[in-house]
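Structure first, then comments.
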Protein chains: 2
Amino acid sequence: MMSTKNVAEMLRIAGLRPTRQRMLLGELLFGQGHRHATAEMLHHEAVDAGERVSLATVYNTLHQFKRAGLLRELAIDGAKAYFDTNTSNHNHFFYEREGKLVDIPEDSIRIDGVPEAPAGMVISHIDVVVRLAPK
Amino acid sequence: MMSTKNVAEMLRIAGLRPTRQRMLLGELLFGQGHRHATAEMLHHEAVDAGERVSLATVYNTLHQFKRAGLLRELAIDGAKAYFDTNTSNHNHFFYEREGKLVDIPEDSIRIDGVPEAPAGMVISHIDVVVRLAPK
DNA sequence: CTGTGTGCAAACTCTTTGCATAAGT
DNA sequence: ACTTATGCAAAGAGTTTGCACACAG
């Protein structure tokens, strides 16, 4: 639950000017707990809320947030990019039919036996996606 | 290592006519052990080999093969679709810089504590991608 | 022959980019 | 004022589709 003041602070720390659009998107993303969003969803929400933002700016802002470590980008179904406000290592259910993404609690899944990274490489992240289909 | 004869047989079983293009792509995909490919890679290989196939046909064929259960589609980096000739449950290293995909042996990684699928849903697959960055 | 497959080009979706204008400090 | 951000529209990548022609059975 991040307040308006905290969004401003968050932007300042990330070295991003607290413009109207960034404040807006920051509040949509971080204002009520963790969430998953696509650029389109956010743009739609912003417009619904009567605010003026272009889709291009939504994309730009998402990438700036990502670069600042505030978001993680998830490649789930190829078609579109999902952004996750929870940047810690956790996993996801993906409802294939609806394209919906739901967190799996952090401590639920345990992965053993991950091979070492090849020489000169480091593991940057391990993504686990549990795909769900209607029974 | 699938021979030409086996590709023809494979297509027949899948209910797909063994056309020149399908034979070609089938051999590129299944001719020398398991592999990962994008539509573009295959098209390029086919053209390099002096064969005539359109990119649209490559896409169509990949989806037909997928529908027949011969391939699995992997959503790894959002930008492009990878197809994997190994349809069994195994996992992948992904070299983020190069966009390269490498298998992790099937018995290496063990996943515990996967929550049950929500009501009315079944787990269709669990994807594990170990992302690698240069050190 | 009859029906399915193919090629081409055009359409489509999602995303990125270039550049003039607007807004932040 | 000076710099950075935004909006728009156009471009770009990857993928899909419609339809006439070609090929397999």
Side-chain angles (χ1 to χ4, degrees), chain A residues 4 7-28 36-47 49-68 70-71 73-83 99 101, chain B residues 4 7-26 28 36-47 49-68 70-71 73-83 98-99 101:
Chain A
T4 298
V7 172
E9 177 70 0
M10 176 191 85
L11 291 174
R12 202 188 54 71
I13 292 172
L16 298 170
R17 287 183 185 171
T19 63
R20 183 173 53 76
Q21 290 85 342
R22 286 180 184 155
M23 289 295 294
L24 167 62
L25 296 174
E27 278 168 32
L28 287 174
H36 306 106
T38 64
E40 245 229 309
M41 279 181 213
L42 278 178
H43 184 243
H44 201 270
E45 287 175 29
V47 170
E51 301 279 352
R52 193 172 45 76
V53 203
S54 74
L55 183 55
T57 296
V58 174
Y59 275 107
N60 289 338
T61 304
L62 285 170
H63 284 126
Q64 290 155 357
F65 284 7
K66 176 185 167 190
R67 232 172 291 132
L70 302 171
L71 294 176
E73 188 172 357
L74 305 174
I76 299 287
D77 75 339
K80 58 186 65 175
Y82 288 79
F83 290 85
L101 208 51
Chain B
T4 298
V7 171
E9 176 70 359
M10 178 190 84
L11 290 175
R12 204 188 52 71
I13 292 172
L16 297 169
R17 286 184 185 169
T19 63
R20 183 174 53 78
Q21 290 86 341
R22 286 181 184 153
M23 289 295 294
L24 166 63
L25 297 173
L28 287 175
H36 306 106
T38 64
E40 247 230 307
M41 280 180 212
L42 279 178
H43 184 243
H44 201 270
E45 286 174 30
V47 170
E51 300 280 351
R52 194 174 44 75
V53 203
S54 73
L55 184 54
T57 295
V58 174
Y59 275 108
N60 289 337
T61 304
L62 284 171
H63 284 125
Q64 290 155 357
F65 284 6
K66 176 185 166 189
R67 232 172 291 130
L70 302 172
L71 294 175
E73 188 172 358
L74 303 174
I76 298 286
D77 74 339
K80 57 188 66 176
Y82 288 79
F83 291 84
E98 303 128 78
L101 209 50

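No hydrogens, no waters, no symmetry mates; every other heavy atom, side chains included, goes into these values. Convention: sequence-line order gives letters A, B, ...; per-chain numbering from 1.
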Look at the side chain of [X] and decide which nucleotide, out of [options], has an atom nearest to it.
X: B:Thr19; options: D:dA5, D:dC8, C:dG5; result: C:dG5
X: B:Thr61; options: D:dG14, C:dT16, C:dT6; result: C:dT6
X: A:Pro18; options: C:dG24, D:dT15, D:dT6; result: C:dG24
X: A:Ser54; options: D:dG14, D:dT17, D:dC8; result: D:dC8

Quickly work out the [X] [atom1] to [N] [atom2] distance and round it to whole Å.
X: B:Leu24; N: D:dA24; atom1: CG; atom2: C1'; answer: 17 Å
X: B:His43; N: D:dG14; atom1: NE2; atom2: C1'; answer: 14 Å
X: B:Arg22; N: D:dG25; atom1: CZ; atom2: P; answer: 10 Å
X: B:Arg20; N: D:dG25; atom1: CZ; atom2: P; answer: 14 Å
X: A:Leu55; N: C:dT16; atom1: CG; atom2: P; answer: 10 Å
X: A:Gln64; N: D:dT4; atom1: CD; atom2: P; answer: 13 Å
X: A:Arg67; N: D:dA5; atom1: CZ; atom2: C1'; answer: 13 Å
X: B:Arg52; N: C:dC8; atom1: CZ; atom2: C1'; answer: 12 Å

For residues [X] and [Y], report the shortest heavy-atom separation together with the two atoms involved.
X: A:His63; Y: A:Glu73; value: NE2-OE1, 4.1 Å
X: B:Leu70; Y: B:Ala14; value: CD1-CB, 4.5 Å
X: B:Val53; Y: B:Ala46; value: CG2-CB, 3.9 Å

Look at [X] and [N] and indicate whether a side-chain polar atom (N or O) is within less than 4.0 Å of OP1 or OP2.
X: A:Tyr59; N: C:dT15; result: yes
X: A:Gln21; N: C:dA22; result: no
X: A:Arg17; N: C:dA23; result: no

- Query: Does A:Leu16 or B:Ala81 map to a spot on DNA chain D nearer the 5' end, using the closest nucleotide for each?
  - Reply: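 Nearest nucleotide further toward 5': that of A:Leu16.
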- Query: Between CG of A:Leu42 and CG of A:Leu24, what distance do you get to the nearest 0.5 Å?
  - Reply: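 If I round to the nearest 0.5 Å, the distance is 8.5 Å.
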- Kindly indicate whether the side chain of B:Phe65, heavy atoms from C-beta on, has any atom under 4.5 Å from the side chain of B:Asn60.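 B:Phe65 vs B:Asn60: side chains apart.
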